[in-house]
Amino acid sequence: MSAEKRRRVVLKIGGSVLDDPATRVRFAANVAQGMTELDLDVVIIHGGGAQLTRHQERLGLEVKRNDRGLRITDPETALAAVQVLGGEVNAALVSALAKASVRSIGLTCADANLASARVLDPALGAVGEIVAVDASVLEDLAAARFVPVIATVAPDEADALGTSFLNVNADAAVAPIAGAWGADAVLFLSDVASVLDGDQPVLTLDAAGAARLEARGVLKGGMIPKVEAALSAAAALPGTLVKIASGNATQALVAALGSGAGTSFIAPNPIVTASEVAHGS
Ligand SMILES: Nc1ncnc2c1ncn2[C@@H]1O[C@H](COP(=O)(O)OP(=O)(O)O)[C@@H](O)[C@H]1O
Ligand SMILES: CC(=O)N[C@@H](CCC(=O)OP(=O)(O)O)C(=O)O
């Protein structure tokens with residue numbers, strides 16, 4: 001099938017799945033199966049929060065997060081993020097994919113100007129939000145049948161020397177990158193099969209439903225920014241399949257791209273188009 005016809009899938013895989021060699025291998029097998037059976041172009045965006053925490057502890061750095069799960073990132077931690085996310089975690093994932101016969105290439109957001117970031121909130125230190133994405137490297141790699149594997153450490157747009165990197169939450173990086181590439185599906189793959197309300201899977205969520213779950217204290221820890229990121233991706237890519245689903249269950253990727261697995265996110269459904277709003281009609 002030609003590159004124009006293949007469906008574009010962005011996978012966000014969390015550090016929780018990647019931390020264990022066995023689940024990492026299962027994730028790689030799922031990617032291989034999805035690409036072979038469904039003829040997909042795949043871009044992977046990965047986390048590595050658990051691994052970065054361990055490295056901070058080895059260095060004797062204090063581990064601090066704000067109430068929405070974002071790591072307060074001092075300059076030493078920002079350097080550790082480049083080393084751990086852009087180094088250890090990225091290389092291990094690329095290697096696991098290679099063993100599953102998936103030809104992948106590891107990137108940070110600096111590679112081929114993929115993306116830059118600005119400081120999100122000075123109180124958090126070197127934490128970034130993505131401000132510009134040039135998806136041409138993703139187009140080029142996918143056309144050559146490579147899978148880009150992206151670590152979300154991004155050059156600070158305010159630093160002309162290109163030496164400062166900002167630590168971007170991997171869930172939050174998904175909507176801007178998937179939007180720029182024009183993804184047909186966006187899957188946030190984690191170590192849970194879906195968002196859960198008690199022990200019940202939540203099949204669909206919109207912004208109002210997510211706010212109700214958060215108010216009831218059902219969403220905790222890393223699930224809060226993940227749900228927020230999934231809602232942003234659904235809003236940025238109307239008509240795109242956006243899900244939180246399992247990354248390591250057997251055949252998880254093919255299952256998540258079908259109708260029966262995970263939590264689907266529904267964008268607000270505008271009754272007027274953007275151009276109608278612009279023309280004041
Ligand atoms: N309502 C919920 N439903 C499912 N998981 C939840 C919920 N609230 C909190 N969690 C936790 O969120 C975790 C996933 O978030 P996180 O560890 O940040 O994932 P990742 O490393 O995959 O990005 C799950 O392992 C689970 O413990
Ligand atoms: C600013 C911020 O919090 N960045 C994250 C980046 C890694 C990440 O997002 O990892 P997971 O997907 O495994 O949670 C962090 O430092 O933990």
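Remember, it's 1-based here, ligands and their atoms both numbered in the order they're listed.
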## Note on the structure
Paired with Ile44, the side-chain contact (heavy atoms from CB on, under 4.5 Å) test is passed by just one of Leu189, Ile150, Val10, Leu97, namely Leu97
### Task
Ignoring hydrogens, just give me the one of Ala151, Gly49, Ala50, Gly125 whose non-hydrogen atom is nearest atom 14 (O) of ligand 2.
Gly49
### Query
If you measure from each heavy atom of Asp171 to ligand 2, is any distance below 4.0 Å?
no
### Task
Using a 4.5 Å cut-off on heavy atoms from C-beta on, say whether the side chain of Val9 contacts that of Asp184.
no
### Query
Side chain of Asp134, backbone of Ala115: donor and acceptor closer than 3.5 Å?
no
### Message
Does only the side chain of Arg65 get under 4.0 Å from ligand 2, or the backbone, or both, or neither? Count heavy atoms.
### Response
side chain
#### Entry: Under 3.5 Å donor-acceptor, Thr263 side chain and Val202 backbone
yes
### For atom 9 (O) of ligand 2, the protein heavy atom that lies nearest, with its residue and separation
Ala170 N, 3.0 Å
#### Entry: Test applied, side-chain hydrogen bond (donor to acceptor under 3.5 Å, both in side chains); reference residue, Asp41; option that passes from Arg7, Arg8, Arg145
Arg145
### Query
Can any side-chain N or O of Ser95 pair as donor or acceptor with the backbone N or O of Ala91 at less than 3.5 Å?
no
## Note on the structure
Min over Gln51, Lys226, Arg71 of heavy-atom distance to atom 16 (O) of ligand 2 lands on Arg71
#### Entry: Backbone N/O of Ala256 and side chain of Lys243: donor-acceptor pair under 3.5 Å
yes
### Query
What do the steps show when you test Asn167 against Thr73 for side chain to side chain donor-acceptor pair (under 3.5 Å), and what is the final call?
CA-CA 7 Å; Asn167 174 14; Thr73 302; 3.2 Å; yes
### Query
What is the nearest protein non-hydrogen atom to atom 13 (O) of ligand 2, stated with its residue, atom name and distance?
Gly15 N, 2.7 Å
### Message
Show me which atoms of ligand 2 lie under 4.0 Å from any heavy atom of Gly47.
### Response
8 (C), 10 (O), 11 (P), 12 (O), 13 (O)
### Message
Please determine whether the number of non-hydrogen atoms from other residues, nucleotides or ligands lying under 6.0 Å from atom CG of Asp140 exceeds 12.
### Response
yes
### Query
Under 4.0 angstrom from ligand 2, any heavy atom of Lys12?
yes
#### Entry: Charged N-O contact under 4.0 Å between Asp197 and Arg216
yes
### Query
What protein heavy atom is closest to atom 1 (C) of ligand 2, reported as residue, atom name and distance in Å?
Asn167 O, 3.6 Å
Anything under 3.5 Å between an N or O on ligand 1 and a protein N or O? List each pair with its distance, or write none.
unit_1: ligand 1; atom_1: 1 (N); unit_2: Leu196; atom_2: O; d: 2.9
unit_1: ligand 1; atom_1: 1 (N); unit_2: Val218; atom_2: O; d: 2.9
unit_1: ligand 1; atom_1: 3 (N); unit_2: Leu196; atom_2: N; d: 2.9
unit_1: ligand 1; atom_1: 8 (N); unit_2: Lys220; atom_2: N; d: 3.1
unit_1: ligand 1; atom_1: 19 (O); unit_2: Ser190; atom_2: OG; d: 3.3
unit_1: ligand 1; atom_1: 21 (O); unit_2: Gly15; atom_2: N; d: 3.4
unit_1: ligand 1; atom_1: 21 (O); unit_2: Ser16; atom_2: N; d: 3.2
unit_1: ligand 1; atom_1: 21 (O); unit_2: Ser16; atom_2: OG; d: 3.0
unit_1: ligand 1; atom_1: 22 (O); unit_2: Ser16; atom_2: OG; d: 2.9
unit_1: ligand 1; atom_1: 22 (O); unit_2: Ser190; atom_2: OG; d: 2.7
unit_1: ligand 1; atom_1: 23 (O); unit_2: Lys12; atom_2: NZ; d: 2.9
unit_1: ligand 1; atom_1: 23 (O); unit_2: Lys226; atom_2: NZ; d: 2.6
unit_1: ligand 1; atom_1: 25 (O); unit_2: Asp191; atom_2: OD1; d: 2.7
unit_1: ligand 1; atom_1: 25 (O); unit_2: Asp191; atom_2: OD2; d: 3.3

#### Entry: Carboxylate-amine/guanidinium contact Arg118 Asp156, below 4.0 Å
no
### Heavy-atom gap Gly222 to ligand 2 smaller than 4.0 Å
no
### Task
Before signing off on this row, confirm whether Gly48 and ligand 2 have an N or O atom pair separated by under 3.5 Å.
yes
### Query
Does Thr73 come within less than 4.0 Å of ligand 2, judged by its heavy atoms?
no
## Note on the structure
Within the 4.0 Å heavy-atom cut-off, what Leu52 brings close to ligand 2 is side chain
### Query
Applying a 4.0 Å heavy-atom criterion (strictly less than), which segment of Asn169 is in contact with ligand 2: side chain, backbone, both, or neither?
both
### Query
Would you say Gln83 has more than 12 foreign heavy atoms packed within less than 6.0 Å of its CD?
yes
### Pairing of Arg68 and Glu214 as salt bridge, 4.0 angstrom limit
yes
#### Entry: Interfacing atoms of ligand 2 (cut-off 4.0 Å, heavy-atom, Val127)
1 (C)
